[in-house]
Every structure is written in C-alpha cells, then in structure tokens.
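Presented below is the structure to which this report refers.
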Amino acid sequence: DVKVTQSSRYLVKRTGEKVFLECVQDMDHENMFWYRQDPGLGLRLIYFSYDVKMKEKGDIPEGYSVSREKKERFSLILESASTNQTSMYLCASSLETAGNQPQHFGDGTRLSIL
Amino acid sequence: QKEVEQNSGPLSVPEGAIASLNCTYSDRGSQSFFWYRQYSGKSPELIMSIYSNGDKEDGRFTAQLNKASQYVSLLIRDSQPSDSATYLCASVPLSGSARQLTFGSGTQLTVLP
C-alpha cells in the first residue's frame, strides 16, 4: 500500500511566522502535490512537483512556496503565515505513467494561524 | 466553468438501499476517472478507478462510465451507516498537465440506520 505521511496532524502558529509542512511518501512516486481544503471551496491545488527540484504552480500559489530536494519528500512553506491560511492541508503523490494514475493522500494537517 | 460537477447533496438513503452518486465532466478528452471517499475531518481515500466505458465492480461498489454522455457514477449496494461520507469524483483532463486531477466539490451521503 502507498503510504503518504504528513509530519503533523494539528499545528498552531502565529501570524507572521514561517511555517513548514512536511510530506514523505514511500512508493517512489514521481509526482507530489499540496492542496488546501476549506468548507464550501473543495480541494484547491497549491503546488505540485513532478521531479526532484522541479515545481509547478497550482491554482492558488500566492503566499506559499515549496521544496523538493529528495524524491520522497515535498515540503510546503508559508513564508509569513496569515490568518487566511488557516485550513486543512493535504499532501498527495502519484506515479508518473501517462496520467492514468490516481493520487494517494496523506492524513492531512489541520493548520491554525492565530 | 467547473470541469467536474457533482450534486452536493446531502443525499440520504436508508440502510440496505442502493446509493447512487453522479458526476458529469466537461472535458470530452478525459480518460481516467476516480472516486474518493472522505470522512468528516479525514483525508480523501481512493475507492474506485475506471478507465473505459461500462461498469466496474468492487465488492458493494460499482463505478459506471459513459464517455459519450460524459458522466461517471458510483453505486453503493446494501448501504451501511459506515458509508456516510463525502464522495469526490475526479478526472484526468485532456487539457493541462496530465499529472493533475480535477476534483468535483463532492456529494455528501448519509445512510440512515
């Protein structure tokens, strides 16, 4: 089974802090994704990566950055946290084969910015 | 225009009934479709994948794909209270990156004991 592990289930930070969310997958997947999910807004893609050191912006990249130094690890960085970044953050990974592969999600991090 | 549409519900069915969840998509070139189940406060869990027209069965779940009509459905037979969750439909669109999924907003299902 695919295992996607997010470093924290719950996180509380203060406005202006730099926040790191970590995600690790154990299935040698090429693609990794960061989403946020808010009530009534569904899943929104922040960034994704299809290879080490490669990244592409998703639908809502503003206020976020990402890092992928190793294939199994994909980090989401909130450069200066704001209260409107309070949300559920979900990491996912998938295999790179002609786009027919589903994404597998981690357990999520519920982030609160005070 | 949202590319994957789902009826948000809530959909309520009695225990033991068949629950029918529907999804339509706008990108005619979409090839791959997935159903995810998401319990409240939890992350989405993949339950079905379907790639070709027709039905695909897995236990109590049946996914149906009709590319001509551009819809995907999920049937849950003998519904149980533990099936109460939000169900997300997702597709791989022809346009844009083939690595991405387009998600619907989900249908909330409640199975009444």
Side-chain angles (χ1 to χ4, degrees), chain A residues 1-6 8-10 21 23 25 27 29-51 54-61 68 74 87-110, chain B residues 1-10 23 25 27 29-53 56 58 61 63 65 67 72 74 85-108:
Chain A
D1 280 355
V2 177
K3 184 67 175 175
V4 180
T5 303
Q6 294 185 231
S8 305
R9 289 298 309 276
Y10 301 94
L21 302 183
C23 176
Q25 50 92 7
M27 287 302 293
H29 283 175
E30 292 84 359
N31 303 321
M32 296 187 75
F33 306 82
W34 275 107
Y35 295 88
R36 63 177 285 178
Q37 188 176 34
D38 302 286
L41 296 178
L43 281 166
R44 292 184 289 169
L45 181 64
I46 304 171
Y47 268 98
F48 70 100
S49 168
Y50 53 90
D51 201 353
M54 304 304 291
K55 61 184 179 184
E56 286 198 24
K57 293 180 179 179
D59 300 319
I60 53 163
R68 192 156 180 211
F74 191 36
S87 186
M88 168 74 101
Y89 288 87
L90 292 161
C91 175
S93 72
S94 70
L95 201 57
E96 174 70 13
T97 52
N100 284 333
Q101 296 302 312
Q103 294 177 16
H104 301 272
F105 287 85
D107 288 339
T109 296
R110 190 166 292 281
Chain B
Q1 181 185 358
K2 194 152 180 67
E3 298 178 26
V4 175
E5 297 278 357
Q6 294 183 255
N7 187 332
S8 61
C23 170
Y25 59 94
D27 189 332
S30 297
Q31 295 294 319
S32 309
F33 302 88
F34 309 103
W35 282 99
Y36 289 83
R37 177 178 62 200
Q38 187 173 23
Y39 292 116
S40 181
K42 304 294 186 182
S43 64
E45 173 194 8
L46 178 71
I47 54 172
M48 290 289 283
S49 305
I50 188 165
Y51 304 102
S52 55
N53 277 329
K56 179 182 177 183
D58 184 1
F61 298 98
L65 173 59
K67 290 186 177 180
V72 190
L74 180 70
T86 296
Y87 290 80
L88 301 171
C89 172
S91 72
V92 179
L94 183 63
S95 58
S97 169
R99 303 174 178 102
Q100 296 186 50
L101 293 181
T102 299
F103 287 89
S105 54
T107 297
Q108 186 180 343

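Worth knowing before you read on, the calculation uses all heavy atoms, side chains too, and leaves out hydrogens, waters and symmetry mates. Here is how names work: the chains are called A, B, and so on, in the same order as the sequence lines, proteins then strands, and each is numbered from 1.
Here CE of Met88(A) is found 8.5 Å from NZ of Lys42(B). Values are rounded to the nearest 0.5 Å. We find the OH-CZ distance between Tyr35(A) and Phe103(B) to be 4.5 Å, quoted to the nearest 0.5 Å. Taking CG of Leu101(B) as the start and CZ of Phe33(A) as the end, the distance is 6.5 Å to the nearest 0.5 Å. With values rounded to the nearest 0.5 angstrom, Gln37(A) atom CD is found 7.0 Å from Leu88(B) atom CG. Atom OG1 of residue Thr102(B) and atom CG of residue Leu43(A) lie 11.5 Å apart, to the nearest 0.5 angstrom.
If you measure heavy-atom distances from Phe33(B) to chain A, you find no contacts under 4.5 Å at all. Contacts between Leu41(A) and chain B at a heavy-atom distance below 4.5 Å are absent for every atom of the residue. Of the two parts of Gln6(B), neither the backbone nor the side chain holds a non-hydrogen atom closer than 4.5 Å to a non-hydrogen atom of chain A. When heavy atoms are compared at a cutoff of 4.5 Å, Arg9(A) approaches chain B solely by way of its side chain, counted from C-beta outward.
Using modelled atom types, one side-chain atom of Ser43(B) and one backbone atom of Gly106(A) make a donor-acceptor pair closer than 3.5 Å.
No donor-acceptor contact under 3.5 angstrom links the side chains of Gln103(A) and Gln100(B), judged on distance only.
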